[in-house]
Amino acid sequence: MQSVESKILYNDRLAEGYFRLGLSWKTPEVKAGHFVMLRLSDGMDPLLRRPFGVFRVIGAKGKSTRGTGIELLYRVVGRGTTILSAKRPGESLGILGPLGNGFPAPQKGRKVVMVTGGMGIVPLYLLAQRLPEGTLLFGARSKKETFLLDEFRELGIKIKTATEDGSAGVKGFVTALLEKELSTDTVVYACGPVGMLKAVSRLCLDAGVQCFVSLERSMACGIGVCLGCAVRTINHEARENRNYKMVCSDGPVFDGKDVDWELL
Ligand SMILES: Cc1cc2nc3c(=O)[nH]c(=O)nc-3n(C[C@H](O)[C@H](O)[C@H](O)COP(=O)(O)OP(=O)(O)OC[C@H]3O[C@@H](n4cnc5c(N)ncnc54)[C@H](O)[C@@H]3O)c2cc1C
Ligand code: FES
């Protein structure tokens, strides 16, 4: 983990309320599923850093013309992300990271299926880059949100979409697509809204399929100190079979069968 004083390389508007942020960082040792905590101001507003998944590493192998570092995608939802959206290239931002455990590699010969909805797509890009033979199942409310898929198409990964209003792909939830993909040699990686993760996890458990979920909780420290991001997990071997884990330092990626979904 490093604490880096970074410069904003770009902060481009992707669509209404969605931004792509490039941050300078000379040596980001980032793997799929890692996240960073961003300090959005030098003052008290906002006081706490905010967590964001790493979308991709930029400037690797000299490909980027915009600098070396990391790229994040974010949606404006509150005070911190509104402040972030007003920042301009050249301004400084403090990065703490990379944080978290990241997604484990699949066992050899497994069929990889990634399942996501909304901004849950962010940590899956690095995974898709490493596993382009996998399939990405993307769920959204409508076609308007499918612009997030543009970069994935360039990786050559197979993409299937479900929208709630039927304006792109099949009509309905992404879990309907997942049901058709499950076989005993499948491994599932999922990130997105908690309701979706719970449903994905349940489907996988019932089908005997291994499933890794990346959870999101509000985070104050990001490094396992404040205990604010605790989730209850199920320890299948222990006699006292409930315990708590920190999403920031034990996760954010967990085996879906170990999460106590009733409390999320
Ligand atoms: C590991 C991790 C990775 C993340 N990656 C991304 C990403 O790649 N792109 C992105 O846009 N967002 C991501 N988020 C969510 C992002 O951290 C929040 O949207 C951001 O902190 C909101 O800050 P704010 O000050 O704008 O909103 P606030 O004013 O703090 O909150 C606005 C609203 O958003 C809700 N909220 C805030 N944080 C979270 C959270 N962590 N989970 C669910 N609801 C929340 C609040 O309850 C409130 O309703 C991630 C969160 C985590 C924990
Ligand atoms: S955010 Fe502080 S312990 Fe996880």
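In listed order, ligands and their atoms are each counted from 1. All figures in this text were calculated on a predicted structure; none of them were measured in a lab.
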I need the nearest protein heavy-atom contact for [atom]: residue, atom name and distance, please.
| atom | answer |
| --- | --- |
| atom 1 (S) of ligand 2 | G222 N, 3.2 Å |
| atom 3 (S) of ligand 2 | L227 N, 3.1 Å |
| atom 29 (O) of ligand 1 | R79 N, 3.5 Å |

Mind listing the closest non-hydrogen atom pair of [X] and [Y] along with its distance?
| X | Y | value |
| --- | --- | --- |
| T116 | I121 | OG1-N, 2.9 Å |
| Y74 | S85 | OH-CA, 3.1 Å |
| S24 | I95 | O-CD1, 4.2 Å |
| R110 | T186 | NH1-O, 3.7 Å |
| V54 | L72 | CA-CD2, 3.9 Å |

Check: Which is it for T81 and R50 under the side-chain contact (heavy atoms from CB on, under 4.5 Å) test, yes or no, and what are the steps along the way?
Finding: CA-CA 9 Å; T81 42; R50 298 290 193 266; over 6 Å; no
Under 4.0 Å from [atom], is there at least one protein heavy atom?
| atom | value |
| --- | --- |
| atom 4 (C) of ligand 1 | yes |
| atom 8 (O) of ligand 1 | yes |
| atom 50 (C) of ligand 1 | yes |
| atom 25 (O) of ligand 1 | yes |
| atom 31 (O) of ligand 1 | no |

Quick one: do [X] and [Y] make a salt bridge, cutoff under 4.0 Å?
| X | Y | answer |
| --- | --- | --- |
| R79 | D45 | yes |
| E16 | K144 | no |
| R232 | E262 | no |
| K158 | E181 | no |
| E145 | R75 | no |
| R20 | E71 | yes |

Checklist line | Ring centres under 6.0 angstrom apart (F152, Y125) | finding: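 So the answer is yes for these two rings.
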I'd like to check which ligand 2 atoms, numbered from 1 as shown, lie under 4.0 Å from a non-hydrogen atom of [X].
| X | value |
| --- | --- |
| M219 | 1 (S) |
| G224 | 3 (S) |
| V225 | 3 (S) |
| C226 | 1 (S), 2 (Fe), 3 (S) |

So is there a nitrogen or oxygen of [X] less than 3.5 Å from a nitrogen or oxygen in ligand 1?
| X | value |
| --- | --- |
| G78 | yes |
| G80 | yes |
| F52 | no |

I need the contact type for [X] against ligand 1. Using non-hydrogen atoms and a strict under-4.0 Å cut-off, is it side chain, backbone, both or neither?
| X | value |
| --- | --- |
| L73 | backbone |
| Y74 | both |
| R217 | backbone |

Notebook entry, point to check: Is the distance from atom 4 (Fe) of ligand 2 to some N, O or S atom of C248 under 2.8 Å?
Noted result: yes
Can you list the ligand 1 atoms lying under 4.0 Å from a non-hydrogen atom of [X]?
| X | value |
| --- | --- |
| V122 | 8 (O) |
| T81 | 24 (P), 25 (O), 26 (O) |
| G53 | 3 (C), 4 (C), 5 (N), 6 (C), 7 (C), 8 (O) |

Check: What part of A220, side chain, backbone, both or neither, has a heavy atom within less than 4.0 angstrom of ligand 2?
Finding: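 For A220, only backbone atoms sit under 4.0 Å from ligand 2.
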Check: Is ligand 2 under 4.0 Å from a heavy atom in the side chain of I223, in the backbone, in both, or in neither?
Finding: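 It is neither; nothing of I223 touches ligand 2.
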Check: Does some non-hydrogen atom of V77 fall short of 4.0 Å from ligand 1?
Finding: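 True for this residue.
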Notebook entry, point to check: Is it true that S218 lies under 4.0 Å from ligand 1, counting heavy atoms only?
Noted result: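 Checking ligand 1 against S218, which is what was asked, there is a heavy-atom contact under 4.0 Å.
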Check: Can you say whether the rings of Y189 and F212 are parallel (under 30°), tilted (30 to 60°) or perpendicular (over 60°)?
Finding: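 It falls in the parallel class, under 30°.
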Next item on the list: Under the side-chain hydrogen bond (donor to acceptor under 3.5 Å, both in side chains) rule, what do T233 and D258 come out as? Steps first, then yes or no, please.
Entry: CA-CA 5 Å; T233 57; D258 295 341; over 6 Å; no
